[in-house]
Structures are given as C-alpha cells and as structure tokens.
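The structure under discussion appears below in the form of structure tokens.
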Amino acid sequence: MSTAATANKLGFDPDALRDKYRFERDKRLRTDGNAQWVEVKGEYSHFVEDPYIEKDIEREPLFDEVDVAIIGGGFGGLLMGAALRKAGVDNIRLIEKGGDVGGTWYWNRYPGAACDIEAYIYLPLLEELDYMPARKFADAPEILEHSRKLARHFDLYDNACLQTEVTELRWDEDAAMWVIHTNRGDQMKAHFVAMANGPLHRPKLPGIPGIDDFKGHTFHTSRWDYDYTGGDAHGNLTGLKDKVVGIIGTGATAVQCVPHLGAGAKQLYVFQRTPSSVDIRNDHETDAEWFRNLGSGWHQERMENFNTLVSGGFAEEDLVNDGWTEIFRNLRSMVMEDTGGELTKEELARKTELADFMKMEQVRGRVDSVVKDPETAEKLKPYYRQFCKRPCFHDDYLETFNRPNVTLVDTEGKGVERITEKGVVVGGKEYELDCLIFATGFEVGTDYTRRAGYEIYGTGGQTLTAKWKDGMRTFHGIHTHGFPNCFVMGMTQTGLTANIPHMLKEQAEHISYIIKRGLDGNARVIEATKDAEDEWVGTINSLARLGERFYAECTPGYYNNEGRPGEGDGFLSGQYGAGPVEFFKVIANWRDEGNMKGLDIS
C-alpha cells in the first residue's frame with residue numbers, strides 16, 4: 001500500500017508523525033542529562049523539611065538487635081513487613097524518615113493527588129484487609145489511610161522507628177550483622193536488611209539560573225504549604241485568591257494540582273517544557289454490589305490481567321478496561337483483523353507503532369475538542385509514543401486552560417530561561433509572581449546511595465557507590481555480591497510494571513521466603529555468588545537493547561534518563577527485557593526449585 005493510501009486509511013501519515021516525534025525530541029535533548037537537576041541539600045534543604053509532623057518523637061538512641069530491619073515505610077516496606085509477618089517472622093523493625101508510613105503518599109498531599117492506576121489493583125492486599133476503595137481512582141488521603149491500615153493490621157508500628165533517617169549501613173563481618181546508623185544516634189543491628197527506599201521520595205529542583213534569587217513564596221509540590229494556599233487535598237485554595245502563582249513542571253503532579261490552582265489563584269502561569277499525554281479519567285464511585293460479588297482471589301487475578309496486557313501480552317478479557325490497556329486492545333484488534341494473530345516480530349513492532357499512533361492521535365484530538373484557543377491547544381499536544389512518558393488521565397486539566405486567569409507559558413522545549421527576585425523569565429519576558437511552585441518530581445536517575453541518602457559498606461569495607469559506579473550489578477535485582485544479608489527492593493534489573501505495588505508485592509514475597517529459610521536454618525550469611533550476579537547482569541544486558549532503542553527515540557524525561565537511556569541506574573535502565581510477567585515466573589520457579597541456587601549460605 002502506498003504512503004498516501006496508508007495515510008488515507010488511517011487518518012494520519014505515519015511517516016509524518018515519525019518526523020514530528022523526532023523533531024520534538026531533538027529540540028529537547030540536552031548535554032547535561034540528569035546534571036540539570038539541583039540536589040536538595042545545603043541552601044535548598046528547606047525543600048525537604050517535613051511539614052506534616054504534628055509533634056517530634058523524642059526517644060533515646062537504640063543499640064539493640066532485630067532479625068530484620070526494613071528501611072522505608074512506603075508500599076515496599078509495608079508489603080515487606082506484611083510478607084514477613086505472614087511467614088512467621090516476628091522480630092522486625094520498620095525505619096522511616098517521615099512522621100508516618102505511606103512513602104510517596106505520605107509526602108504527596110498536594111490538592112488533587114490521587115492514584116492514576118485503578119485503585120482496585122493499586123492498593124495492596126485489599127482482600128486480606130477486606131477493604132473496598134471509595135472510588136475507581138483513590139485520592140491521596142484514602143491511600144495514606146490505607147497505608148496506615150496495613151501498618152496496623154500487620155503490627156508494623158510495633159518497634160518501628162519513625163522520624164528516623166538512616167545515615168549509614170555497615171556490615172560487621174565478625175558478628176555477621178548490619179550496623180544501622182541514623183540521625184538520632186542509633187547504632188542498631190540487624191541480621192537482615194531490606195532496603196525499600198523507593199524512587200519517589202527525594203524532591204528534585206531544576207538547575208535554573210537564579211533559582212535561589214526569588215523573593216516570593218516557594219515550595220515543592222511534595223511539601224505542599226497549605227498554610228499559604230489555604231484549602232486541603234480536595235482543593236478550595238482560598239489563600240491564593242489575590243495571588244499570582246507560577247508552577248514549573250507539567251507532569252503527572254501538575255496535571256492533578258493545576259485545576260485547583262487555576263480555580264483558586266488570581267492568576268496562574270503554567271511553565272511548560274514538554275506537554276503530558278492527558279487522556280480521559282472517567283473516575284466514579286465504587287459500585288458496592290459489584291465489589292461484594294467479586295470472587296475469592298479476584299485481586300491477584302485482576303493485577304495479573306492488567307500486568308499481562310500492559311506488558312504487551314494477550315488476555316481473553318480486559319478486566320480493568322482503562323486508558324492504560326486501551327492501546328493493547330487496539331493492537332489486538334489490528335492483529336486479529338489483518339492476520340488472524342500470526343505475526344513476525346517485525347510485523348508486530350510495526351502494528352504496535354500504528355496502534356500507538358492511533359491512540360496518541362486520539363489524545364491530541366481530545367486537546368482540540370476541549371481547549372478553545374487553537375494556539376494553546378497546539379502547545380498542549382504531546383508528540384511522542386504513549387509510553388515515552390508516564391501517561392496521565394484527568395478530566396479537568398485541559399479545561400483549566402479555558403479559564404481567563406490561566407496562561408500556558410510554553411518554552412518550546414527549552415525550559416525556563418532564568419528566575420529573578422520577582423519571578424520567572426521565558427523568552428526574555430519576565431512573569432512577576434507572588435508564589436512559585438515546583439512540580440518537578442523526584443530524583444530517579446541519580447546514584448542509588450544519593451537517592452537513598454546513606455552509604456552502604458559491605459565486606460572488606462567496600463561501598464555500594466564504588467561497586468555500582470559503572471551501573472547496578474545484582475542477582476534478580478535483589479542481591480548484590482559483597483553485601484550479604486541485604487536485599488534491594490526497587491525497579492532496576494527486575495520486572496517493572498506500570499502497577500508498581502504489584503511488583504513490590506512479588507519482590508516482598510520472594511525476599512521473605514529467603515529470609516525465612518535463612519532464619520529457620522540458622523544461617524549467618526546469605527550472599528549472592530559472583531557467578532550468579534555475572535550471569536544475571538549478562539541476561540539483563542542481552543535483553544535490554546530493544547527497550548533502549550525504543551527510549552532512545554523518546555523525548556527526554558526520567559523514563560529514559562533525560563535522553564540518555566542505558567546510562568546510570570535510571571528509572572527504566574537495566575530492566576529485565578522479557579517483562580514483568582516472565583520475571584515473576586523466574587523468581588517463582590527459583591523458589592519452587594528450593595535449592596537457593598546462586599546464593600552462598602553459611
């Protein structure tokens with residue numbers, strides 16, 4: 001079929017879209033990559049202060065011992081604690097720098113904050129807690145309260161250390177224990193350590209010239225200042241009625257809070273480098289009758305169904321049936337219609353791209369149908385593949401740009417030029433502001449120990465920073481040779497899925513199995529062998545090339561390490577290329593074999 005005929009049939013020209021995507025990517029490429037972000041320390045440390053603590057916890061330093069220390073009180077740490085409790089491990093301690101559990105949902109309390117994965121698969125352990133989310137997409141207060149319910153249900157508050165930040169982990173070879181140093185003077189010991197630090201807790205700031213010159217009010221969205229804005233997580237920001245507000249960043253956070261800022265502020269300027277893909281949300285209250293009639297095991301089944309579909313697999317039924325899975329429904333329809341389901345890898349890749357084009361044309365068409373000003377609408381259109389950036393879903397974000405008091409300041413992919421005492425400069429024009437809000441997200445592509453906030457010293461005093469200076473080296477993404485009895489929960493060299501709590505649940509169950517085996521067998525040391533680590537890293541590298549090629553063609557962002565896929569230990573670097581479905585099978589089969597292959601146990 002000719003190019004013209006193809007374009008006529010599809011309603012768009014694939015060649016023209018490829019060129020447009022490439023053009024939009026190229027004008028956003030930067031030489032500094034992740035170096036464009038400022039680390040929040042020193043003069044910027046106030047951006048990470050905890051504004052949510054009601055009172056400081058006073059306690060004496062601890063020098064005791066536990067079987068397992070879990071670092072991090074987000075979903076990863078909570079799921080780890082739950083898995084250990086269910087395995088019969090009692091002597092555990094949760095260590096969390098915030099004033100309560102919740103992780104990302106402890107910090108993200110900005111107006112409009114909510115999950116963008118269906119709550120029926122996003123909230124962990126719904127069946128075990130016999131809990132029904134209020135809506136299809138739970139809001140932040142409900143998710144935070146669910147986190148607290150998990151901690152209460154599994155007795156994770158018992159023996160926990162909140163408002164406590166780990167400053168160093170050091171392996172004591174004689175005692176075969178980890179010594180955990182904290183900012184409260186603790187030197188507690190743990191037989192095993194599970195690091196569930198999470199990637200979304202350490203705010204990042206753009207390295208814009210003059211960022212520290214602004215004399216107005218400023219804060220990061222993960223430390224929302226309701227004393228200034230008024231209102232609460234549901235909006236009603238009455239404190240902004242006479243304020244001119246600017247917000248830098250147009251990712252998932254801004255998509256949720258900009259409608260509330262637009263409704264509350266005298267004037268709102270939204271400074272945009274790259275528009276988000278914003279699809280229909282279609283949120284609604286949970287049908288209690290439907291929820292009550294879900295059969296036993298529905299939660300795991302629903303998570304697996306979603307995971308299969310968004311990982312490119314096929315399922316007879318789409319149980320979640322939302323914007324995340326729509327592209328794959330389109331793909332399946334195209335495949336079955338044209339070929340009966342038999343495709344070569346090249347044909348599948350081509351049809352996947354066409355399905356992606358179709359979906360993104362729909363997203364761009366929605367912008368035209370909602371935003372009244374054609375010039376503003378064009379600037380809000382995303383020109384990249386759907387999964388180059390995290391897709392967003394919202395029913396009010398685009399409509400906000402029809403308000404007379406809301407102005408989109410598009411920077412043509414260059415970002416803000418500089419910040420002054422009075423405001424923000426873009427294209428030589430200064431926008432004077434009373435308040436500047438940074439919706440610039442969290443560190444995800446910097447060194448692991450920098451994000452964690454502490455160094456880890458393994459056997460012989462070697463540091464994890466030094467070992468991973470050329471990239472992460474793990475076995476199953478969980479163990480690393482030279483750091484025994486230490487387990488990493490996270491995104492890299494594992495089976496990342498869009499529904500991150502599902503991945504964390506699988507990891508927690510795997511780690512708890514190993515810890516329980518170790519405790520039952522009186523094992524002093526469990527450590528990945530160098531051969532097992534080398535083999536896994538080889539597997540990761542051999543499977544990573546296709547993903548790296550895809551993300552190399554994407555517009556820069558944290559998914560592709562700011563335009564440098566394959567470098568460092570970014571959010572999607574070093575993934576298990578066969579996908580999360582296969583990864584979960586790998587670790588399940590490993591457990592079924594029962595011989596702890598790849599681990600030295602003494």
Side-chain angles (χ1 to χ4, degrees), residues 48-59 62 66 68-86 89-110 113-115 117 119 122-126 128-131 133 138-166 180 182-184 186 188 190 193-203 222-224 233 442 451-454 487 489-490 500-505 507-509 511-512:
V48 293
E49 292 175 356
D50 189 342
Y52 310 124
I53 292 176
E54 294 181 2
K55 64 177 182 178
D56 288 329
I57 295 174
E58 296 182 4
R59 63 172 178 81
L62 298 173
V66 294
V68 187
I70 303 167
I71 303 175
F75 279 168
L78 294 169
L79 284 163
M80 188 70 253
L84 288 168
R85 290 289 194 226
K86 288 189 285 184
V89 180
D90 295 324
N91 188 17
I92 65 178
R93 171 172 291 152
L94 193 71
I95 305 171
E96 165 58 44
K97 69 178 180 180
D100 204 343
V101 298
T104 295
W105 298 105
Y106 175 82
W107 300 112
N108 275 341
R109 306 192 192 190
Y110 58 83
C115 59
I117 299 287
Y122 183 78
L123 295 186
L125 306 179
L126 288 177
E128 294 189 45
L129 269 65
D130 192 25
Y131 179 71
D139 62 23
E142 182 179 9
I143 301 173
L144 179 57
E145 181 53 34
H146 185 70
S147 300
R148 292 166 173 157
K149 287 178 180 177
L150 286 167
R152 291 193 295 266
H153 184 82
F154 292 102
D155 298 324
L156 300 179
Y157 282 123
D158 295 349
N159 205 30
C161 292
L162 301 176
Q163 297 180 30
T164 301
E165 193 162 356
V166 173
I180 305 168
T182 78
N183 63 341
R184 289 181 171 269
D186 303 311
M188 61 188 80
V193 171
M195 298 190 296
N197 308 294
L200 302 177
H201 67 92
R202 187 174 181 81
S222 67
R223 307 294 192 272
W224 196 273
F442 301 91
R451 298 197 309 273
Y454 57 88
F487 306 90
M489 298 184 72
I500 291 175
H502 182 191
M503 177 196 66
L504 294 172
K505 175 180 178 288
Q507 289 181 9
E509 291 173 352
I511 294 168
S512 68

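Small disclaimer: the values here were computed from a predicted structure and weren't measured.
Among all heavy-atom pairs drawn from A194 and M80, the shortest one is CB-CG, 3.9 Å.
With R59 contributing its side chain and R184 its backbone, the two residues share no donor-acceptor pair below 3.5 Å. Here the side chain of Y106 pairs a donor or acceptor atom with the backbone of G99 at under 3.5 angstrom. At distances below 3.5 Å, not a single donor-acceptor pair connects side-chain atoms of R93 with backbone N or O atoms of C161. At least one donor-acceptor pair under 3.5 Å links the side chain of Q507 to the backbone N or O of G490.
Residue L162 holds its CG atom at 7.0 Å from CG of L94, rounded to the nearest 0.5 Å. The distance from the CG atom of L84 to the CD1 atom of I70 is 5.0 Å, given to the nearest 0.5 Å. Atom-to-atom distance recorded for F75:CZ and I143:CD1 is 6.0 Å, nearest 0.5 angstrom. Note that the CG atom of L125 and the CG atom of L150 stand 5.5 Å from one another [nearest 0.5 Å]. Remark: D139 CG to L144 CG distance equals 10.5 Å, nearest 0.5 Å. In this structure, CD on E96 lies 11.0 Å from CD1 on I71, to the nearest 0.5 angstrom.
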Intermediate values then yes/no, side-chain contact (heavy atoms from CB on, under 4.5 Å), V101 and Y157: CA-CA 9 Å; V101 298; Y157 282 123; 3.5 Å; yes
Stepwise salt bridge (charged side-chain N to carboxylate O under 4.0 Å, His left out) test for R148 and D100: CA-CA 8 Å; R148 292 166 173 157; D100 204 343; 2.8 Å; yes
Full working for side-chain contact (heavy atoms from CB on, under 4.5 Å) between L78 and S147: CA-CA 8 Å; L78 294 169; S147 300; 3.8 Å; yes
Verdict with supporting geometry, L129 and F154, side-chain contact (heavy atoms from CB on, under 4.5 Å): CA-CA 10 Å; L129 269 65; F154 292 102; 4.2 Å; yes
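A heavy-atom distance below 4.5 Å is found between the side chains of T164 and D186. When side chains are defined from C-beta on, D50 does not count as touching K97, because their heavy atoms never get closer than 4.5 Å.
Using the six-membered ring where Trp is involved, Y52 and W107 have ring planes that are tilted, between 30° and 60° apart. Taking the six-membered ring where tryptophan is involved, the planes of Y110 and W224 are tilted, since the angle between them lies from 30° to 60°.
Of the charged side-chain nitrogens involved, none lies within less than 4.0 Å of a carboxylate oxygen, so that K149 and E145 do not count as a salt-bridged pair.
Of the residues listed (K86, R85, K505), the one engaging E128 in a salt bridge (Lys or Arg N to Asp or Glu O under 4.0 Å) is K86, and it is the only one.
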